[in-house]
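The structure appears below as structure tokens.
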Amino acid sequence: MGLVIYDTMQRKKVPFEPATPGHVGIYVCGPTVYADPHLGHARGPIVYDVLRRYFLHKGYKVRFVSNITDVGHLTEDDEGEDKVAKRAKLEKLEPMEVAEKYTWSYFDAMAALNVLRPSIAPRASGHIPEMWELTQKLLERGVAYVREGSVYFRVRAFPEYGKLSGKRPEELRAGARVEVREEKEDPLDFALWKRAEPGHLMRWKSPWGEGYPGWHIECTAMSLKYLGEGFDLHAGGIDLQFPHHECEIAQAEAAGYRFARHWMHHNHVLLEGEKMAKSTGNLVLLHDLLRAHEPMAVRFYLLQTHYRSPMDFTFAGLEAAKKGYARLLNAYREVRARKKTAPKGTTPELERALEALEKGFMAAIEDDLSTPEALAQFFTFLPELHRLLPEAREESLRRAEEAFHTLGEGILGLFPERVLEEKLSGPLLEGLIGLLLELREEARRAKDYAKSDLIRDRLKALGVIVEDTKEGPRWRIEAL
């Protein structure tokens with residue numbers, strides 16, 4: 001049937017068809033780089049990485065643009081301090097030092113999570129001329145105005161404002177969150193360019209005086225520059241739907257440009273029931289988490305919840321996810337190992353199980369990126385795989401390996417090559433565990449079950465699981 005996504009603008013699931021056959025253009029709102037990334041910053045990149053990988057699997061050429069906000073994101077909409085500049089004062093650094101430091105902190109975390117690097121990662125500070133050009137066009141069309149060196153978008157001049165979020169200007173005006181600045185015509189008007197007050201660290205000379213860009217115009221200018229009018233998909237967190245994405249649409253369309261054809265939004269990661277956010281301190285830093293736990297198990301954990309549902313992070317849930325991920329990883333490793341010595345030919349039952357896996361997996365992914373159901377297809381497949389492995393033949397094992405590689409790594413991004421080798425592999429480990437299993441077998445033959453159980457339990461405590469099979473004892477690493 002092809003991919004169906006929930007389009008936020010249309011408020012329903014719709015078939016996805018790119019504007020240009022064989023090509024997909026995606027813009028994802030990236031981070032504001034003023035602190036180390038937390039777990040909440042990982043969900044969107046992982047979700048849209050799966051989407052990108054799906055398109056690549058289907059043979060599309062994908063231009064994936066995700067920006068870096070290094071200027072203009074203020075602490076309170078159009079008021080307050082620039083977040084990067086505020087951090088620069090705190091750390092006694094230049095603002096661009098702060099931006100550089102935390103940009104690479106973010107990219108390092110994404111690399112650890114096996115997120116593909118964007119095709120283009122434009123920085124807001126490098127696209128000031130494009131923002132000036134767009135601002136000038138809005139001024140010429142009468143939908144923006146200059147006040148005391150700042151430029152504001154006139155929301156009343158764009159009747160469709162609110163069509164993405166469903167928040168209409170009349171309703172917002174009645175319960176406006178901010179008082180009218182003297183220089184604004186209306187409290188809902190938002191800044192395209194802000195006058196730099198004395199002492200403001202980040203400033204550029206512009207046609208309207210020294211200042212810096214408003215947050216919303218950055219993404220409008222950069223997405224249109226790199227993806228063109230009517231690009232395929234704009235995505236981001238649900239908290240960006242209003243006002244950020246609403247303002248992006250208003251700026252683009254009021255300037256006469258066709259904007260994104262589809263919109264996707266992912267929900268929050270919660271910690272103890274509250275949104276994870278830098279501003280509140282309610283967060284788990286990604287670098288701390290990834291040092292303590294296998295990054296692919298963290299990725300697996302995030303994919304267990306559908307992207308449009310909130311996810312409540314718990315360490316108990318992560319531990320359970322690590323065990324689930326280990327089951328998949330060990331099955332993949334065993335398939336690769338057995339393939340090397342398996343007899344030629346196919347195993348019909350395994351072929352049928354693989355066909356069901358492939359069909360069910362793709363149906364799940366194409367149904368609005370249902371990664372929980374896609375993972376469930378693997379776990380439905382595992383019992384059949386383990387039952388058939390002892391007699392499985394080479395061609396069927398090769399197909400099983402390809403399924404893990406293509407679906408599990410190629411689309412879900414869960415099995416980079418580094419995890420496929422045992423973390424504690426090598427002749428010494430193999431020999432030591434083999435010796436312990438021989439001692440255990442001797443104890444069993446002597447009916448010394450206490451010693452046999454002791455060896456098994458001590459190995460389990462170390463993360464080595466022993467399974468007694470018809471072919472003799474087998475072991476695997478459980479802990480990641």
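Quick caveat: nothing in here was measured; it's all calculated off a predicted structure.
Atom OG1 in T20 sits 12.0 Å away from atom NZ in K61 (nearest 0.5 Å). Of the inter-residue distances, the one linking F381 atom CZ with H386 atom NE2 reads 9.0 Å to the nearest 0.5 angstrom. Taking CZ of F378 as the start and CZ of F404 as the end, the distance is 5.5 Å to the nearest 0.5 Å. In this structure, CH2 on W263 lies 8.5 Å from OG1 on T8, to the nearest 0.5 angstrom. If you take NE2 on H244 and OG1 on T69, they are separated by 6.5 Å, rounding to the nearest 0.5 Å. Within the model, atoms CG of L414 and NE2 of H405 stand 13.0 Å from one another, a figure rounded to the nearest 0.5 Å.
Judged purely by distance below 3.5 Å, without hydrogens or angles, the side chains of S396 and E351 pair a donor atom with an acceptor atom. When only modelled atom types and interatomic distance are considered, H234 and E248 share a side-chain donor-acceptor pair under 3.5 Å. S105 and H287 share a donor-acceptor pair across their side chains, judged by distance under 3.5 Å alone.
Judged by the 6.0 Å distance and 45° axis criteria, R117 is positioned over the aromatic ring of F107. Taking the ring centre of Y6 as origin, the terminal cationic atom of K13 falls outside the region bounded by 6.0 Å and 45° from the ring axis.
Every residue two or more places apart in sequence or in another chain that forms a side-chain contact (heavy atoms from CB on, under 4.5 Å) with E100 is listed here: W104, R123.
The ring of Y34 has its center no closer than 6.0 angstrom to the ring center of Y102. No close placement of the Y54 and Y60 rings is indicated, their centers lying 6.0 Å or farther apart. Remark: aromatic rings of F259 and H245 are distant, center separation not under 6.0 Å.
Of all heavy-atom pairs between P416 and E409, the closest is N-OE1, 3.1 Å. Of all heavy-atom pairs spanning D49 and N114, the tightest one is OD2-O, 3.5 Å.
Taking a cutoff of 4.0 Å between a charged side-chain nitrogen and a carboxylate oxygen, E334 and R474 qualify as a salt bridge. Using a 4.0 Å cut-off between a side-chain N of Lys or Arg and a carboxylate O of Asp or Glu, E441 and R444 qualify as a salt bridge. Using a 4.0 Å cut-off between a side-chain N of Lys or Arg and a carboxylate O of Asp or Glu, R352 and E355 do not qualify as a salt bridge.
Applying side-chain contact (heavy atoms from CB on, under 4.5 Å) to M264 and the options D7, L51, I26 leaves one that passes, L51.
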